[in-house]
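Just so we're clear, the structure is a prediction, and the values are computed from it rather than from any experiment. Just so it is clear: chains get the letters A, B, ... in the order the sequence lines come, proteins before strands, and each one is counted from 1.
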Amino acid sequence: MSTVSNGYLAIHPSIRKLLHPSRFKIHRRQWDRAKVAQLPIEYQKFYTEWLDSEEKETPVHWIPRTEKWDRNPETGEVKPVQNEPYIINYPVEMHEGIWGGEGVIQGLVKRGKWTSPVPKYWTPTLKRSIVFSEILDKYFSVVVTERALRLIDEHHGLDSYLITTPAYDLKSLLALKLKRQMLMALLDKNFCHKNPTRQKELMEKFKEYLIPRAELDWYGLSVVEAVEKEKQMKEAKQDCTPLKVKLRQELFQKLKQERDTPSDSQAEGVSATTTSWMSKLNPFSKSAEAR
Amino acid sequence: MALNVCRRLTIPSIASLNNFQQVRTTYVVKRRNPVGLTKPHKFASLRSKHFVYDTVEDNQTKPQKMLHVLLRKYVEDIGQAGEVVPVKEQTGRLLIMTNRAAYPSKENIERFGQDVNEQVTYSSKYVVSTMQLLSKFVLNISMNKDTPWTLEPWHIRSSFRKAKVHVPESAITMPEHVITGPDMALEGKEFYITVTINGKEKQTVRCRIHHWATNLSEKLPRVRDHWKFPADTIFAEDKEVAKTLPVITPPVLDEDDNFKPPVRRSATTLK
């Protein structure tokens, strides 16, 4: 369900095609964007799914209006309904837990008619709880919200919740990294070794959600981690040995060959060339011969 | 003793999961001043008045929802194996974590259907907790000190009723020997009866006879906390039966408590 009806999505698709795409570019997270543009396409795909598809997000802290049009009761004027999304902050601590898409709302509260609005933060209630993953066969003690636990219950388990929910709803890096591990295990068939029938069932269940391995390598990485990975991969490809080492080795080999194969004909030839070369340079030798 | 009671009051009772009722869920807010219409391919012009929010859903006090779970094993007071029962969220999650239950999906019902049939079944979900309660029970049977009597099932039924346990007479099995009185040799001594629950499960219960007189002067002296200390059996062969029941461990007393464990006077000293 699209929650953003203004801007990009408000325009009719036929008109949207005609307009230049740079009109709809959101200039947010500029520094990240410059780095992401240089990273491989696999990571760019993940990044757009994670942070750049805000119109697809399920609203957690606000209720969008479902009706298309709204009539003013006094004037009878009909206007379209636009759902302007609420700005929600996601602190760094979110990446260390599974919050189920919750965040911190920063806003104002007006408590009386004659009082000025006062700032207020609506923060989620966090608690530490234990969740179990069947594919990884592990119990995790993580910081969660009640909403996250309820979502896990609705999906009948942590595996199903993480694998079926897209990155823009999961948001936290911990959840995305667990998801990556699960998908990796599914690709490698590296789970449920004791119970092969159960392994088959799970493979069948999550068949649609599998991602190709090239994309999975870049899945669930933050921008900093992705840049670091790219750097390491480049370094591994490059041959960083200095040129003087190479040349020295070449020379050594050449000299060795000469030493090991000192045939008479070669030695003679060398001496002949040296004399001729010397005779060209040295004028006195010539004169000496002439005398 | 008073200190002990105070200590007990301060300890939170974590044993029952029903104490944790509240849950704190998500906040939902709404703009007090709606945002005006925006043209396509332009951002909404948000002013400070558009950030004045009203709280639609508060997260402070919300009752817990009920979670339906499929039981894989018999769980005390909740249900039998193979049943789908509604429980509180926290209880349900605990059961699922400890492999005593699963989410009631079609897949799970197929998976755990075979295991369920092999389980031991009880006649009711409250049977085990009832049996536990009865095994720790010390039933006081007050009999007349003056008029002669022989012990019958209805005596035991009425003394159970005094202890707020309702037992029909048909469920009570008396000991093999007949007990008659009044006899001061029986005072404060144990014998065992069997209670049949739902005509299936059987549980032996400790009973102690106490002689009671209406006249104040003839009453026996009060013995404090006599049920917390072990006592002798009336019949010698009952000692083996006593071993099957949980042992009565006397309480640890405070240093400042000058309470002495009960010492029953023998019949000769009473006279």
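In this structure, chain B has heavy atoms under 4.5 Å from both the backbone and the side chain of A:Pro80. Contact of B:Leu67 with chain A is made through the side chain alone, with heavy-atom distances under 4.5 Å. For B:Arg32, the part lying near chain A is the side chain, with the backbone staying farther off; criterion is any non-hydrogen pair under 4.5 Å. When heavy atoms are compared at a cutoff of 4.5 Å, B:Leu46 approaches chain A solely by way of its side chain, counted from C-beta outward. Within the 4.5 angstrom heavy-atom criterion, atoms from both the backbone and the side chain of A:Thr125 approach chain B. Only the backbone of A:Gln106 comes within contact range of chain B, with at least one heavy atom under 4.5 Å from a heavy atom of that chain. At a 4.5 Å heavy-atom cutoff, the contact between A:Thr123 and chain B is made by backbone atoms alone. For B:Lys65, the parts sitting under 4.5 Å from any heavy atom of chain A are the backbone and the side chain alike. When heavy atoms are compared at a cutoff of 4.5 Å, B:Val29 approaches chain A by way of both its backbone and its side chain.
If you run side chain to side chain contact (heavy atoms under 4.5 Å, CB included) between A:Ile88 and each of A:Val104, A:Ile105, A:Val60, only A:Ile105 comes through.
Applying the side-chain contact (heavy atoms from CB on, under 4.5 Å) criterion to B:Lys30, with sequence neighbours excluded, gives A:Tyr86, B:Val56. With sequence neighbours excluded, the residues satisfying salt bridge (charged side-chain N to carboxylate O under 4.0 Å, His left out) with A:Arg150 are B:Glu89. The salt bridge (charged side-chain N to carboxylate O under 4.0 Å, His left out) search around A:Lys171 returns A:Glu57, not counting sequence neighbours.
Ranked by heavy-atom pairs shorter than 4.5 Å toward chain B, the options A:Lys79, A:Lys205, A:Arg198 are led by A:Arg198. Highest contact tally toward chain B, considering only A:Thr197, A:Val109, A:Asp153, is held by A:Asp153 [criterion: heavy-atom pairs under 4.5 Å]. In terms of heavy-atom pairs under 4.5 Å with chain B, the best-connected choice from A:Val118, A:Thr145, A:Leu149, A:Ile152 is A:Leu149.
A side-chain N or O of B:Thr38 and one of A:Gln82 form a donor-acceptor pair less than 3.5 Å apart. Side chains of B:Tyr192 and B:Glu190: a donor-acceptor N/O pair is present below 3.5 angstrom, by distance only.
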**OP:** Go through A:Glu102 and A:Arg147 one step at a time and tell me if the salt bridge (charged side-chain N to carboxylate O under 4.0 Å, His left out) criterion holds.
**Re:** CA-CA 8 Å; A:Glu102 280 190 58; A:Arg147 184 186 151 81; 5.2 Å; no

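Closest approach of A:Ala185 and A:Ile135 over heavy atoms only: CB-CG2, 3.8 Å. Taking each heavy atom of B:Leu70 and B:Gly82 in turn, the nearest pair found is CD1-O, 3.8 Å.
Residue A:Tyr139 places its OH atom among more than 12 non-hydrogen atoms of other residues, nucleotides or ligands, all under 6.0 Å distant. Within a 6.0 Å radius of OH in B:Tyr126, other residues, nucleotides and ligands contribute 12 heavy atoms or fewer.
Scanning residues 105-112 of chain B against chain A with a 4.5 Å non-hydrogen threshold yields B:Ser105, B:Glu107, B:Arg111, sorted by number.
Aromatic ring centres of A:Trp122 and B:Tyr53: separated by under 6.0 Å.
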